[in-house]
Amino acid sequence: MAKYVGAVATYRVQLGSGFGFPELREALRPIAALGVSHLYLSPILAAMPGSTHGYDWAPPARISPELGGVEGFRRLRQSAARRGLGLIVDIVPQHVGVADPRANPWWEDVLRRGLEAPYAEWFDLLPTPEGVIELPVLGDDGLDAVVLDDAGNLVYHDRVFPTAENTVAPGDSAAAVAARQHYRLVPHASGRYGYRRFTDVSDLAALRVELPEVYEATHGWLLDLVAEDLVDGVRVDHLDGLADPAAYLQRLRADLGPDRLIYVEKMLAPLEHLDSGFPVDGTTGYEQLAVVGAPFTSHAGLRELTELSDFTTGITGDATWMVLEQQRLKREALAVNYAAEHARLAVTLASALGAEAPSIGDLCAVTAELITLMPVTRPDQRDHAGLFREIGNVVADGSPRLRELIPVVVDALEQTPTAAAQIGQLCAAIYTTAVENTLAYRNPRLVSLNELGCQPWLGLPEMSRFHTANAERAQRCPLALSAMTTHDTKRSEDVRTRISLLSQVPQRWALTLAQLTRAAPPPDPATGMFLLQNLFGAWPVDEHGPIQPDEPWRARMREYAVKAVREAGERSSWARPDIAFEERIRAWIDEVTDERVNTPLVDLVTNTFDAWRADATARKVVSLLCPGVGDIYQGSQWWTDSLVDPDNRRPVDYRTSLDHPKCRAIIHALSVRRRHPDAFAPGATYVPVVAVGEAPDRILAFGRGTPDDPDPRIVVACSRHTYSFATEPKESTFLELPAGSWRDRLGDRKFSGKAAIADLLGQESPVVVLERK
């Protein structure tokens with residue numbers, strides 16, 4: 001009972017150098033004024049030197065002195081409590097930072113002493129047959145750039161590596177000393193590495209938190225906070241990286257108790273649900289981001305954009321293309337980025353099968369097909385029992401050569417928990433690399449769909465799916481977060497909203513695209529089409545409309561463009577950057593955004609400005625009043641033009657006025673939640689509300705009832721596809737309100753029966769929230 005009464009909405013804050021606990025205390029007043037119930041903090045542990053995000057935390061686990069330390073956290077707790085705010089902290093159980101071994105004594109111990117080090121079993125190591133741990137750190141200059149410092153450490157540019165005892169003698173070369181270590185420095189593009197990582201990020205090494213001693217060492221600080229009642233919940237980072245997520249969550253729940261919130265970062269594939277055995281309150285909300293965003297994208301317009309993309313770039317970006325490209329990229333990621341984990345899986349299976357085991361090559365071939373076709377992120381969870389066999393049958397149908405081997409491998413996976421966990425971790429990591437990252441930067445059709453939680457290869461769901469998904473959410477996980485922007489999203493919610501408007505004006509976008517690329521031809525058609533949508537989505541505006549960009553904005557766009565082409569991995573990449581191509585992209589960004597060229601883009605921002613603000617406001621209110629607990633990312637109470645990290649971690653000026661259309665909408669929505677807490681409690685109902693008349697498909701509306709009274713207590717209604725929703729069809733479209741008398745408290749208006757959309761929704765009220773008297 002206590003949990004849901006207090007959970008209204010969270011406010012996500014990115015902490016770091018220059019914005020720690022003292023600075024956050026100064027910003028509490030305007031944050032609390034929004035009506036949120038919880039501060040939701042980025043990781044607070046001491047991290048690698050210079051860390052900008054905190055996910056590369058360094059042992060021993062302790063609250064970062066840079067942020068304010070334990071005493072600073074206690075004062076934050078007191079200040080937040082006085083304003084009615086709880087605290088949720090982001091915890092990172094799966095990995096630690098290893099970029100600077102001197103800042104991580106556990107990792108330094110492993111490098112210095114090898115597999116015999118006391119901490120070696122704490123890490124998920126993947127050594128060579130000789131027991132050597134390979135570190136992918138070298139660039140093109142290789143070992144020639146490695147030197148010895150006065151303390152006998154190996155130094156490669158700004159990276160320092162410890163050496164084992166008695167391995168450095170006077171007159172030794174750095175190369176000779178390096179050859180004597182328990183580790184090897186290898187090229188970062190070689191695909192060789194000696195430890196499981198957070199996905200394919202080499203500076204984050206995975207821990208074996210399933211070991212009791214590792215759990216205790218990584219969670220002791222959190223249990224101390226719980227003992228002092230300093231936290232109200234946690235967000236668990238990268239749940240899929242753990243060997244046994246269910247067992248981990250059961251222990252965490254036992255340690256935190258029944259009344260603290262537990263949210264898990266978990267990507268759910270199409271139609272996949274969070275495992276029913278997890279003792280948590282829900283995910284961080286990527287799947288809800290997709291549910292809320294879909295109704296604001298036009299099916300008809302998307303078909304035109306598909307044709308435009310095919311004509312312009314040769315890429316349709318449709319469901320068929322996406323499925324085939326996803327499978328191709330999964331196979332590529334498995335071979336290039338995860339060969340060591342894949343080989344270990346095959347060895348584990350061979351050991352389980354004994355003398356009758358197929359060859360390692362055949363085991364790799366079978367598991368590669370299973371991973372490529374796997375429709376969920378973690379197939380080894382309880383709710384997916386039988387999925388290995390089901391997908392194995394699909395593989396067998398398409399691959400006669402592997403047909404006899406598949407039942408053998410599936411039997412071993414079902415009977416060997418270690419192998420099942422290893423393939424589960426691999427499936428999740430490959431999905432992140434191939435789909436969330438690479439594929440999201442390769443489809444130029446409508447880039448607002450290339451987002452966490454979105455599944456553009458399935459096509460856009462019908463409105464009925466919006467209602468079905470929300471009704472299911474109300475039953476399954478009514479306290480799950482409803483995120484529209486996070487520190488991981490590819491674009492902020494407002495950028496994504498503006499880009500999705502292109503589906504409402506596809507022909508105008510085609511003309512704009514032609515004008516811009518004729519005036520400033522991009523270095524590559526697909527890259528140009530992809531980046532121009534992001535420039536449109538992030539174009540700077542004031543309260544009246546678009547403004548000309550300044551140099552800081554252009555610098556941000558240049559950096560984003562380089563990151564985008566590297567993530568796409570076609571014309572450049574992180575492993576092998578094409579500096580010449582990247583310089584051409586930077587120059588093109590300057591050219592196409594120059595005032596002498598950018599008029600078509602500015603005109604399109606101007607023409608869609610009112611519709612964009614209406615859609616953005618409606619999306620936010622819908623996200624806050626749908627089933628779940630609303631989540632507001634720092635600064636997104638105002639219009640925000642942020643793109644992917646690190647762009648979305650820029651400082652927020654909390655002195656900015658809350659007298660802003662989006663702020664006002666948030667404050668009103670959360671005040672409704674506070675007045676009607678039972679309508680958002682576990683057991684509360686979700687009811688679709690139907691529009692009738694000339695344009696019923698332009699209206700999104702739903703009601704929320706209480707566990708004791710399923711009839712709606714509140715009704716939310718907004719227009720969708722607002723760009724062309726003119727006055728006349730609004731006057732002849734009606735919302736069939738549930739029985740009773742209804743009040744729009746914000747506009748001091750009353751309604752009942754069949755209400756005209758023109759009366760409910762105007763230019764100044766793109767969304768209305770009605771409360772039953």
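Hydrogens, waters and symmetry mates are skipped; everything else that's a heavy atom, side chains included, is used.
- Between the side chains of Thr163 and Arg112, no donor-acceptor pair is found at a separation under 3.5 Å.
- Side chains of Gln422 and Thr348: a donor-acceptor N/O pair is present below 3.5 angstrom, by distance only.
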Check against ring pair (Phe, Tyr, Trp, His ring centres under 6.0 Å), Tyr248 and His219
CA-CA 11 Å; Tyr248 169 80; His219 290 69; 5.4 Å; yes

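- Note that Arg12 lies in the cation-pi zone of Tyr40, set by a 6.0 Å cut-off to the ring centre and a 45° limit from the axis.
- Side-chain contact of Ser42 with His53: a donor-acceptor pair under 3.5 Å is absent, judged by distance alone.
- Donor-acceptor pairing under 3.5 Å is lacking for the side chains of Tyr193 and Asp200.
- Not counting sequence neighbours, the partners of Ser17 by the side-chain contact (heavy atoms from CB on, under 4.5 Å) test are Glu66.
- Taking Gln634 as the reference, nothing meets the side-chain hydrogen bond (donor to acceptor under 3.5 Å, both in side chains) condition, with sequence neighbours excluded.
- Between Phe198 and His95, the angle of the ring planes lies from 30° to 60°, which puts this pair in the tilted group.
- Two residues are said to be in side-chain contact when any heavy atoms from C-beta on lie closer than 4.5 Å; Leu252 and Val234 meet this criterion.
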Between Tyr633 and His487, is the ring pair (Phe, Tyr, Trp, His ring centres under 6.0 Å) condition met? List the steps.
CA-CA 8 Å; Tyr633 184 73; His487 59 287; 7.0 Å; no

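- To the nearest 0.5 Å, the span separating CG on Asp203 from CZ on Arg159 amounts to 4.5 Å.
- A cation-pi arrangement, defined by a distance under 6.0 Å to the six-membered ring centre and an angle within 45 degrees of its axis, is present between Arg197 and Tyr338.
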Between Tyr195 and Ser202, does the side chain to side chain donor-acceptor pair (under 3.5 Å) criterion hold? Intermediate values first, please.
CA-CA 9 Å; Tyr195 51 97; Ser202 298; 4.6 Å; no

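- The number of heavy atoms from other shown groups lying within 6.0 Å of CZ (Arg650) is above 12.
- In this structure, Lys266 pairs ionically with Glu272, as a charged nitrogen and a carboxylate oxygen lie closer than 4.0 Å.
- Between Tyr441 and Tyr560, the ring-plane angle classifies as tilted under the 30° and 60° cut-offs.
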